[in-house]
Amino acid sequence: MASLTLENIKKSFGAVDVIPGVDLKIDDGEFVVFVGPSGCGKSTLLRLIAGLEDVTDGDIRIDADSVAHTPAADRGVAMVFQSYALYPHMTVRENLSFGLENIRMAKPEISRRVSEAARLLQIEQLLERRPKQLSGGQRQRVAIGRAITRDPKIFLFDEPLSNLDAELRVLMRVEITKLHERLGNTMIYVTHDQIEAMTMADKIVVLRKGVIEQVGAPLELYNHPKNLFVAGFIGSPRMNFVEGRIDAVGEGAVTFAADGLPPLVLEGAIEGANIGAAVTLGVRPEDFLVTDKGWPATVSVAEQYGASSYLHCALPGDRPVLIHEPGQSKAGRGDVIHVAPPAGRWHLFDADGLALRKA
């Protein structure tokens, strides 16, 4: 187990700055998820930590030791790849032991580590099979097992579940989370799937264009996004946004106005709210309540999931909005409902996309 510190890490490919400068501290034993859209630099950052790419500038420290220029094999990290990268001609046992044999570890210790990894991952019965005889989930377990046998200080996962079907991804998310609880090692996990980030992480690092937008616990990012990007990226389905302006500021309430919509009184105070300021209102689908007042929304599609319903609606001005109702909604296509957020269950962002702080 170990802590990880990134100090002003930069990475350029020619004239292209992929990582313009990242500072990050990951504590010993944390499960940290790098998340962001494709091309945001999350996998590049992971490869820099692993030593598979050279840093252009900055320092990487594992505990107190600088490893920015240390060969990958000597950093004390182990990486699990999206493609599994198993040797097809070797059995599971041979795949698990191959790296240890290469460093000439004693055979009894290799056998102990392979047996322990197989036990942890419940693949003892697969040790004599070859990769082609395994399912996708079993192959992923072997790939994780190969990392475990190295007994690394830090585990690195590069979108390890993206090749699995939806049901198996859910199961493997649970298994990796349980594995972290059992081992206690520091783990860094890269994904473009914010649901994986929300359900697995102790701490989420949201990246965009090689820059960290926000770092925090999953519910901290969900409840208190710092800007429009984080608000729209974290949460599924994504947050609804409506552009408008602050029409009035009262004690414990702000009035939001948008062209073609009736003014909406938002209960809750905002620091530095100025009348006339251009803002964007953000409301999560589950925070819009169907009520007898508020904004009129015309239902275009009603999705019934049994335990809940999703209403795809249009506000005046053809503004799309998604409503999540618990239970089975009675609304159907063409119906007009009225929606409004309850006190405090809304967000306002200024013209630069930064969140206005709630008082």
Side-chain angles (χ1 to χ4, degrees), residues 1-2 4 29 31-34 42-43 46-53 62 67 70-164 168-169 171-191 196 200:
M1 295 187 290
L4 176 75
F31 194 125
V32 176
V33 176
F34 294 168
K42 55 189 182 296
S43 290
L46 196 74
R47 291 174 66 84
L48 292 172
I49 296 168
L52 301 178
E53 299 281 357
I62 296 178
V67 298
T70 301
D74 300 326
R75 293 194 180 191
V77 303
M79 192 160 177
V80 179
F81 296 91
Q82 175 181 346
S83 62
Y84 315 139
L86 302 178
Y87 296 106
H89 62 288
M90 293 183 180
T91 64
V92 169
R93 186 187 301 278
E94 291 166 338
N95 267 282
L96 294 177
S97 63
F98 182 70
L100 306 181
E101 292 170 351
N102 275 353
I103 61 174
R104 298 181 180 179
M105 182 177 289
K107 288 186 177 180
E109 178 62 13
I110 292 175
S111 179
R112 186 193 69 79
R113 292 193 181 193
V114 169
S115 296
E116 177 63 13
R119 184 190 65 80
L120 278 172
L121 296 167
Q122 299 178 359
I123 55 172
E124 297 102 320
Q125 74 280 11
L126 307 177
L127 289 173
E128 305 312 320
R129 296 187 189 180
R130 286 182 166 78
K132 67 179 180 181
Q133 298 172 301
L134 306 177
S135 68
Q138 290 170 335
R139 292 178 191 178
Q140 191 55 271
R141 287 171 186 263
V142 176
I144 295 171
R146 188 169 52 189
I148 290 174
T149 60
R150 294 184 57 187
D151 192 22
K153 296 177 181 177
I154 299 174
F155 285 89
L156 307 176
F157 295 87
D158 189 9
E159 303 207 42
L161 308 184
S162 59
N163 289 334
L164 304 180
L168 192 51
R169 287 179 71 154
L171 294 175
M172 286 304 299
R173 286 205 308 259
V174 174
E175 289 303 315
I176 293 174
T177 302
K178 288 180 178 178
L179 180 66
H180 175 250
E181 293 174 354
R182 290 195 293 265
L183 296 177
N185 291 60
T186 305
M187 293 186 177
I188 303 173
Y189 187 103
V190 162
T191 182
E196 287 183 15
M200 300 175 73

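Values below: all heavy atoms of this structure, side chains included; hydrogens, waters and symmetry mates excluded.
For the pair E196 and R169, the minimum side-chain heavy-atom distance is below 4.5 Å. Between Q82 and D158 the shortest side-chain heavy-atom distance does not fall below 4.5 Å. Contact check for N163 versus R139: no side-chain heavy atoms found under the 4.5 Å cut-off. Taking 4.5 Å as the limit, some side-chain heavy atom of V77 sits within range of a side-chain heavy atom of I62. Between I49 and F34 the shortest side-chain heavy-atom distance falls below 4.5 Å. When side chains are defined from C-beta on, F31 counts as touching I176, because their heavy atoms get closer than 4.5 Å. For the pair K153 and L4, the minimum side-chain heavy-atom distance is 4.5 Å or more. You'll find the side chain of R113 reaches within 4.5 Å of the side chain of M105, heavy atoms only.
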*Give the C-alpha distance, both sets of side-chain angles, the deciding distance and a yes or no for side chain to side chain contact (heavy atoms under 4.5 Å, CB included) between T91 and L127.*
CA-CA 7 Å; T91 64; L127 289 173; over 6 Å; no
*asked:* Pair M200, M187 - check side chain to side chain contact (heavy atoms under 4.5 Å, CB included), show working.
replied: CA-CA 11 Å; M200 300 175 73; M187 293 186 177; over 6 Å; no
*Check the pair E181 / K178 against salt bridge (Lys or Arg N to Asp or Glu O under 4.0 Å), numbers first and verdict last.*
CA-CA 5 Å; E181 293 174 354; K178 288 180 178 178; over 6 Å; no
*Under the side chain to side chain contact (heavy atoms under 4.5 Å, CB included) criterion, do L46 and F157 qualify, and how do the steps go?*
CA-CA 8 Å; L46 196 74; F157 295 87; 5.9 Å; no
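In this structure, CG on N102 lies 9.5 Å from OG on S97, to the nearest 0.5 angstrom. Separation of atoms CG (N95) and CG (L86) is listed at 5.0 Å; rounding is to 0.5 Å. Expressed to the nearest 0.5 Å, how far CZ of R129 lies from CG of L134 amounts to 6.5 Å. Atom CD1 of I148 is separated from atom CG of L183 by 5.5 Å, given to the nearest 0.5 angstrom.
Around the CZ atom of R104, the shell of radius 6.0 Å holds no more than 12 heavy atoms that belong to other residues, nucleotides or ligands. Environment of CD in E116: crowded, with over 12 heavy atoms of neighbouring residues, nucleotides or ligands closer than 6.0 Å.
Considering every non-hydrogen atom in both P131 and P88, the closest pair reads CD-O, 3.7 Å. Taking both residues in full, the closest heavy atoms of V190 and S43 are given as CG1-OG, 3.7 Å, listed atom of the first, atom of the second, then distance. Considering all non-hydrogen atoms of both residues, Q140 and V80 come closest at OE1-CG1, 3.3 Å. T191 and K42 make their closest contact through O-CE, 3.2 Å (heavy atoms, listed as atom of the first residue, atom of the second, distance). Closest of all the heavy-atom pairs between P160 and Y189 is CG-CE1, 3.5 Å. Residues Q138 and Q133 share a closest heavy-atom pair of OE1-O, 4.4 Å.
Between R119 and E124 there is no salt bridge, since none of the side-chain N atoms of the basic residue sits less than 4.0 Å from a carboxylate O of the acidic one.
Looking only at distances, no side-chain donor or acceptor of R47 sits under 3.5 Å from a matching main-chain atom of E53. Between the side chain of T186 and the main chain of A2, a donor-acceptor pair closer than 3.5 Å is present. No donor-acceptor pair under 3.5 Å is formed between the side chain of N185 and the backbone N or O of F155. Side-chain atoms of R146 come within 3.5 Å of backbone atoms of A85 as a donor-acceptor pair (strictly under, hydrogens ignored). Between the side chain of R75 and the main chain of V67, a donor-acceptor pair closer than 3.5 Å is present. Side-chain N or O atoms of E109 include none that pairs as donor or acceptor with a backbone N or O of A106 at under 3.5 Å. Not one N or O on the side chain of R93 forms a donor-acceptor pair closer than 3.5 Å with the backbone of E128. A distance-only check finds a donor-acceptor pair linking the side chain of T177 to the backbone of R173 [under 3.5 Å]. Under a 3.5 Å cut-off, the side chain of H89 and the backbone N or O of R130 do not form any donor-acceptor pair.
Applying the ring pair (Phe, Tyr, Trp, His ring centres under 6.0 Å) test to every pair with at least one member in residues 93-143, sequence neighbours left out, gives these pairs: Y87-F98.
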